[in-house]
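Below you'll find the structure, written out as structure tokens, and then a few comments.
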2 protein chains.
Amino acid sequence: MTPVQASACCRPIDDLLDPELFKALSDPTRSRLLGCLVKCGCACTVSDVGECCAVDLSVVSRHLSLLERAGVVQSSKTGRTVHYVVDYAHLCRTMRAIADAIEQCCPAEQLPGCARGCCGAR
Amino acid sequence: MTPVQASACCRPIDDLLDPELFKALSDPTRSRLLGCLVKCGCACTVSDVGECCAVDLSVVSRHLSLLERAGVVQSSKTGRTVHYVVDYAHLCRTMRAIADAIEQCCPAEQLPGCARGCCGAR
DNA sequence: TGCGTACTTGCACCATAATGCAAATATACT
DNA sequence: AGTATATTTGCATTATGGTGCAAGTACGCA
């Protein structure tokens with residue numbers, strides 16, 4: 001593998017393994033809120049989503065806005081209510097991109113002795 | 001959508017949105033260590049992986065064992081050295097499974113008025 | 001048996017983040 | 001204008017987690 005090839009196949013990894021996205025999904029309460037939102041399959045208000053968790057509404061509000069900053073959900077305000085929707089397309093695209101990048105960077109068979117040294121890692 | 005269909009398409013979501021996995025990927029140092037391991041493309045010792053980060057070796061050790069508990073990497077001990085490898089297959093499978101589950105649970109078009117009520121979630 | 005290497009664990013410290021309550025903001029309704 | 005509802009923000013508290021150092025363990029080697 002030439003340096004050019006290596007750089008082409010491995011560069012995306014660092015961008016895709018974005019800690020911010022995973023951090024957004026790493027909290028149990030947020031995970032539950034997101035699951036609720038996913039299963040609902042439509043735009044839900046903050047209060048609606050809050051019903052699936054035994055936490056204060058202010059906590060729900062903060063979690064949802066954090067999920068939005070991470071690009072997992074989108075919000076739209078109509079009047080005094082805020083509706084949240086899962087950004088399905090973005091989420092699916094990202095998950096698949098990670099899988100693709102890892103596969104492209106790392107073939108199924110392990111090379112012996114770290115002979116590859118892709119991207120100058122190591 | 002019948003309850004049976006809903007339950008079939010949505011049940012996997014809760015399991016797949018496992019906070020433990022995402023927590024493992026949510027720390028910048030761990031992300032970097034994993035990226036290093038991915039790009040290396042072969043089994044690396046703890047010391048080797050540690051060279052890509054300016055943290056104490058004990059920190060590297062802890063991070064790698066955490067990644068292993070999360071199912072992201074696998075370790076094998078030979079003598080006094082421990083080799084870590086990325087569990088590419090598992091990682092890719094999980095990422096794609098999440099994308100698949102979300103897509104199956106939630107069609108591209110939003111249903112109006114929360115008429116769906118999939119899985120009893122609001 | 002003694003020493004060096006590879007890694008792990010205990011511990012203390014510090015930073016970050018989750019939470020609930022109360023207050024503030026924004027908007028609708030009368 | 002005044003009141004009720006939906007959400008957000010400030011603040012204090014608490015919990016969680018990352019880090020380094022030092023000590024401990026496990027193993028290889030002479």
Side-chain angles (χ1 to χ4, degrees), chain A residues 17-37 40 42-86 113-114 122, chain B residues 17-37 40 42-86 113-114 122:
Chain A
L17 289 180
D18 175 28
E20 284 308 312
L21 169 64
F22 296 120
K23 193 176 292 176
L25 303 174
S26 70
D27 178 74
T29 305
R30 270 198 298 276
S31 180
R32 180 153 189 176
L33 293 172
L34 178 61
C36 174
L37 212 49
C40 180
C42 63
C44 293
T45 68
V46 177
S47 307
D48 285 342
V49 182
E51 285 178 17
C52 71
C53 279
V55 292
D56 195 83
L57 208 61
S58 67
V59 172
V60 177
S61 171
R62 268 188 273 252
H63 278 316
L64 288 175
S65 77
L66 191 153
L67 285 171
E68 185 176 29
R69 279 199 299 278
V72 178
V73 301
Q74 287 178 334
S75 73
S76 58
K77 189 171 185 178
T78 59
R80 58 189 164 179
T81 69
V82 178
H83 286 268
Y84 277 94
V85 210
V86 180
C114 277
R122 270 270 339 223
Chain B
L17 288 181
D18 175 28
E20 284 308 312
L21 169 63
F22 296 121
K23 194 176 292 176
L25 303 174
S26 70
D27 178 71
T29 305
R30 271 198 298 276
S31 180
R32 180 153 188 176
L33 292 172
L34 178 61
C36 174
L37 212 47
C40 180
C42 62
C44 293
T45 68
V46 177
S47 307
D48 285 341
V49 182
E51 285 177 17
C52 71
C53 279
V55 292
D56 196 84
L57 206 62
S58 68
V59 172
V60 177
S61 171
R62 268 187 275 251
H63 278 316
L64 289 175
S65 76
L66 192 152
L67 285 171
E68 184 176 29
R69 280 198 299 279
V72 178
V73 301
Q74 287 179 332
S75 72
S76 59
K77 189 170 185 178
T78 59
R80 59 191 163 176
T81 69
V82 178
H83 285 269
Y84 278 94
V85 210
V86 180
C114 277
R122 278 279 320 248

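In the text below, chain A, chain B and the rest are named by the order of the sequence lines, each starting its count at 1. Both backbone and side-chain heavy atoms feed into the values below; hydrogens, waters and symmetry mates do not.
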* Asked: Is it true that a side-chain atom of B:Thr45 and a backbone atom of B:Thr81 form a donor plus acceptor pair closer than 3.5 Å?
  -> no

* Asked: Rounding to a whole Å, what distance do you find between B:Arg30:CZ and D:dG17:P?
  -> 9 Å

* Asked: How long is the line joining NE2 of B:His83 and P of C:dA6, in whole Å?
  -> 11 Å

* Please state how far atom CG in B:Asp56 lies from atom P in C:dC13, giving the value in whole angstrom units. => 17 Å

* Considering just the side-chain nitrogens and oxygens of A:Ser58, establish if one lies under 4.0 Å of OP1 or OP2 belonging to D:dT9. => no

* **B:Leu21 to B:Ala70 - nearest heavy-atom pair and separation** => CD1-O, 4.1 Å

* Given B:Leu34, which of B:Thr29, B:Leu64, B:Val73, B:Val49 fulfils the side-chain contact (heavy atoms from CB on, under 4.5 Å) condition? -> B:Val73

* **Whole-Å distance separating the OH atom of A:Tyr84 from the P atom of D:dT7** => 9 Å

* Asked: Can you name the nearest heavy-atom pair linking B:Cys44 to B:Leu37, along with the distance?
  -> CB-CD1, 3.6 Å

Grab the N/O contacts between the protein and nucleotides 3-6 of chain D below 3.5 Å, and write none if there aren't any.
residue : atom : partner : partner atom : Å
D:dT5   : O4'  : A:Arg80 : NH1          : 3.3
D:dT5   : O2   : A:Arg80 : NH1          : 3.0

* Counting only N and O atoms by type, is there a donor-acceptor contact under 3.5 Å from the side chain of A:Arg32 to the main-chain atoms of A:Cys52? -> yes

* **Phosphate OP1/OP2 of C:dA17: any A:Lys23 side-chain N/O under 4.0 Å** => yes

* Structure fact -> In terms of heavy-atom contacts, B:Val82 and B:Ser75 come closest through CG1-CB, 3.9 Å

* To do: Identify the heavy atoms of B:Val85 and B:Ala43 that sit nearest to each other, and give their distance.
  => CG2-CB, 4.1 Å

* DNA chain D-proximal residues of residues 59-79 of chain A, any heavy atom under 4.0 Å -> A:Ser61, A:Arg62

* Please check if the side chain of B:Arg30 supplies one atom and the backbone of A:Pro19 the other of a donor-acceptor pair under 3.5 Å. => no

